[in-house]
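Comments concern the structure below.
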There are 2 protein chains.
Amino acid sequence: MDVKTVCLGMLTDGEASGYDLKKEFESSFSHFFAAGYGSIYPALNALARDGMVECRHVPQEGKPDRKVYTITAAGRDHLLAALENPCPSHKVRSEFLATMCFAHLMSREQIETVLDNRVKEMTDYLQLFREFETTSMDDWPPGARFVLGFGQTMMKTMREYVEENRDKLFDKTGTGNKTAIG
Amino acid sequence: MDVKTVCLGMLTDGEASGYDLKKEFESSFSHFFAAGYGSIYPALNALARDGMVECRHVPQEGKPDRKVYTITAAGRDHLLAALENPCPSHKVRSEFLATMCFAHLMSREQIETVLDNRVKEMTDYLQLFREFETTSMDDWPPGARFVLGFGQTMMKTMREYVEENRDKLFDKTGTGNKTAIG
DNA sequence: CGCAACATGTAAGCGGTTACATGATTAC
DNA sequence: GTAATCATGTAACCGCTTACATGTTGCG
């Protein structure tokens, strides 16, 4: 499933522009599916070319025209076909964990900075999720609630794990093995 | 941090061939950093070209020669520089969660199949992790233990979340909204 | 005065995946 | 016999990231 298919899915919720979709990628989808303008606009153009969406130009005063996209019947069929995949992937790519694998090559200060930054990022996500709950969550479909809850649970667990296990990363000398022993 | 840097890190633990590194990517790194031969072999060639590793040819009987790589001083410097990044990324790309966002467009059977397959994958990972604990974990550096524990905690939490919240994905009719209502 | 928000796009590049190519040995 | 393990690589492709390009309105 690529950016095109996710855009198609977002459009089942109502018409939207590329700019609107980008905001959705940045908010409710940010913790599991990133996409920038560089993938969204070409995706929408390709979908329009293939008859999956229809495009309506909406002129605006003082601002550039909006191009508002609507999903077509063919688009819905394509989306439903994509949703038939029984084994959708769930991939993690973590420079953080790769870095921690080599913690014994780092100083204590370096390790602590990395861990603090990670905890901060997860705290920021949890804050974002709390804002969804207190504002726009009421009309969400069950799937979106499930996914929000999933993100919250993961972020909390990650933060807890890092906080409770960070001590295990430091050797007894407390200086990291950059300090020669022999 | 790319495949090249991770290979360099793995080589701090001792010399290895591309084939050996692939096995490490498939085992202890599999839950957070994927890499196939198509990235590993070119990475090792580039590292050798840049003086980060040295290559030794080891002839074998009946099998192709092994190319065994050793990290150089320049390689170690390069790795330590890479480890100085205070904000290493931790990215999730999940077709699974994207799919679940649109669960209201799927039948109950489809959703259940997807969830079952996800639970199975996490159970397989937990089995793999348990095998590490009972076999080769003794001589692991603290960072590797931290990362293994991280993976275990995440997988357990994910599995639990899916099992405890799967009911929320089904609407009252129990047929999915592919069945027209009006 | 500068920055953020609004709004759309292109082009180069990068990094990784997939498929292909080869070939002996060992275990079932 | 047929699949898996050992062992290394290339080339085409794909999809995403990054940087660039343009221009107005409104806020502090």
Side-chain angles (χ1 to χ4, degrees), chain A residues 1-8 11 15-27 29-30 32-50 53 55-69 82 87-95 98, chain B residues 1-8 11 15-27 29-30 32-50 53 55-69 82 87-95 98:
Chain A
M1 190 183 301
D2 52 12
V3 173
K4 265 173 17 185
T5 313
V6 176
C7 287
L8 222 40
L11 290 174
E15 56 172 33
S17 67
Y19 194 82
D20 294 332
L21 295 184
K22 174 64 161 44
K23 279 190 290 185
E24 202 163 340
F25 276 108
E26 271 173 352
S27 60
F29 278 64
S30 61
F32 67 92
F33 212 105
Y37 291 127
S39 9
I40 295 168
Y41 286 124
L44 288 170
N45 286 330
L47 287 169
R49 183 199 58 206
D50 298 340
V53 297
C55 180
R56 194 161 45 85
H57 287 257
V58 180
Q60 299 194 127
E61 289 167 29
K63 295 176 193 173
D65 291 4
R66 282 172 54 102
K67 291 174 77 172
V68 178
Y69 294 89
C87 280
S89 67
H90 179 88
K91 289 178 185 164
V92 176
R93 185 164 197 96
S94 180
E95 297 185 354
Chain B
M1 187 184 301
D2 52 13
V3 173
K4 264 171 19 182
T5 314
V6 176
C7 287
L8 223 39
L11 291 174
E15 56 173 31
S17 66
Y19 195 82
D20 294 332
L21 295 184
K22 175 63 162 40
K23 280 190 288 185
E24 202 162 340
F25 275 108
E26 271 173 351
S27 60
F29 278 65
S30 61
F32 66 93
F33 212 103
Y37 291 127
S39 8
I40 295 168
Y41 287 123
L44 288 170
N45 286 330
L47 288 170
R49 182 198 61 205
D50 298 340
V53 297
C55 181
R56 194 161 46 86
H57 286 256
V58 180
Q60 298 194 128
E61 291 167 28
K63 294 176 196 173
D65 291 5
R66 296 188 58 179
K67 292 174 78 173
V68 178
Y69 294 91
C87 280
S89 66
H90 180 87
K91 289 177 185 165
V92 176
R93 185 164 195 97
S94 179
E95 298 185 354

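Chain identifiers are assigned alphabetically (A, B, ...) following the order of the sequence lines, protein sequences preceding nucleic acid strands; residue numbering begins at 1 within each chain.
Judged as a salt bridge (Lys or Arg N to Asp or Glu O under 4.0 Å), and not counting sequence neighbours, Lys4(A) has no contacts.
Here the straight-line distance linking atom SG of Cys7(A) with atom OH of Tyr41(A) works out to 11.0 Å at 0.5 Å rounding. Atom-to-atom distance recorded for Arg66(B):CZ and Cys55(B):SG is 11.0 Å, nearest 0.5 angstrom. Lys67(B) NZ to His57(B) NE2: the interatomic distance, rounded to the nearest 0.5 Å, is 5.0 Å.
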Identify all pairs in which a protein N or O lies below 3.5 Å from an N or O of nucleotides 17-23 of chain C, and state each distance.
residue: dT17(C); atom: OP2; partner: Ser39(B); partner atom: OG; Å: 3.4

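As rounded to whole Å, 14 Å separates atom P of dA7(D) from atom CD of Glu26(B). In this structure, OH of Tyr69(A) is placed 14 Å from P of dA7(C), rounded to the nearest angstrom. Distance, Asn45(A) CG to dT8(C) P: 11 Å, rounded to whole Å. Distance CG (Leu21(A)) to C1' (dC6(C)): 15 Å, rounded to an integer number of Å. In this structure, the CE atom of Met1(A) is 19 Å from the P atom of dC14(D), given to the nearest Å. Protein atom CD1 of Ile40(A) is 14 Å distant from nucleotide atom P of dT18(D), rounded to whole Å. One interatomic measurement links the two molecules: CG of Asp65(A) to C1' of dT24(D), which rounds to 13 Å at whole-angstrom precision. Taking atom CD on Glu24(B) and atom P on dA7(D), their separation rounds to 16 Å, with Å as the unit.
An OP1 or OP2 oxygen of dC6(D) is reached within less than 4.0 angstrom by no side-chain nitrogen or oxygen of Gln60(B).
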**OP:** Show your reasoning for whether side-chain contact (heavy atoms from CB on, under 4.5 Å) applies to Phe25(B) and Val3(B).
**Re:** CA-CA 10 Å; Phe25(B) 275 108; Val3(B) 173; 4.2 Å; yes

Subject >> Verdict with reasoning, Tyr37(B) to Lys22(B), per side-chain contact (heavy atoms from CB on, under 4.5 Å) >> reply: CA-CA 7 Å; Tyr37(B) 291 127; Lys22(B) 175 63 162 40; 3.5 Å; yes

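Of the candidates dG16(C), dT8(D), dG9(C), the closest approach to any side-chain atom of Tyr19(B) belongs to dT8(D). Closest to the Tyr41(B) side chain, of the nucleotides dG15(D), dG9(C), dA7(D), is dA7(D).
Glu15(A) places no side-chain N or O within 3.5 Å of a backbone atom of Val68(A) that could act as its donor or acceptor partner. A donor-acceptor pair under 3.5 Å is formed between the side chain of Asp2(B) and the backbone N or O of Thr5(B).
Rounded to 10 degrees, the angle separating the terminal helix axes of the helix from dC1(C)-dG28(D) to dC28(C)-dG1(D), each built from five base pairs, is 40°.
In this structure, Val68(B) and Lys4(A) both approach DNA chain D, and ranking their closest nucleotides by distance from the 5' end singles out Val68(B). A residue-by-residue look at Pro42(A) and Arg66(A) shows that Arg66(A) has its nearest nucleotide of DNA chain C further toward the 5' end.
A cation-pi arrangement is found for Arg93(B) relative to Phe33(A), the charged atom lying closer than 6.0 Å to the ring centre and inside a 45° cone about the ring normal.
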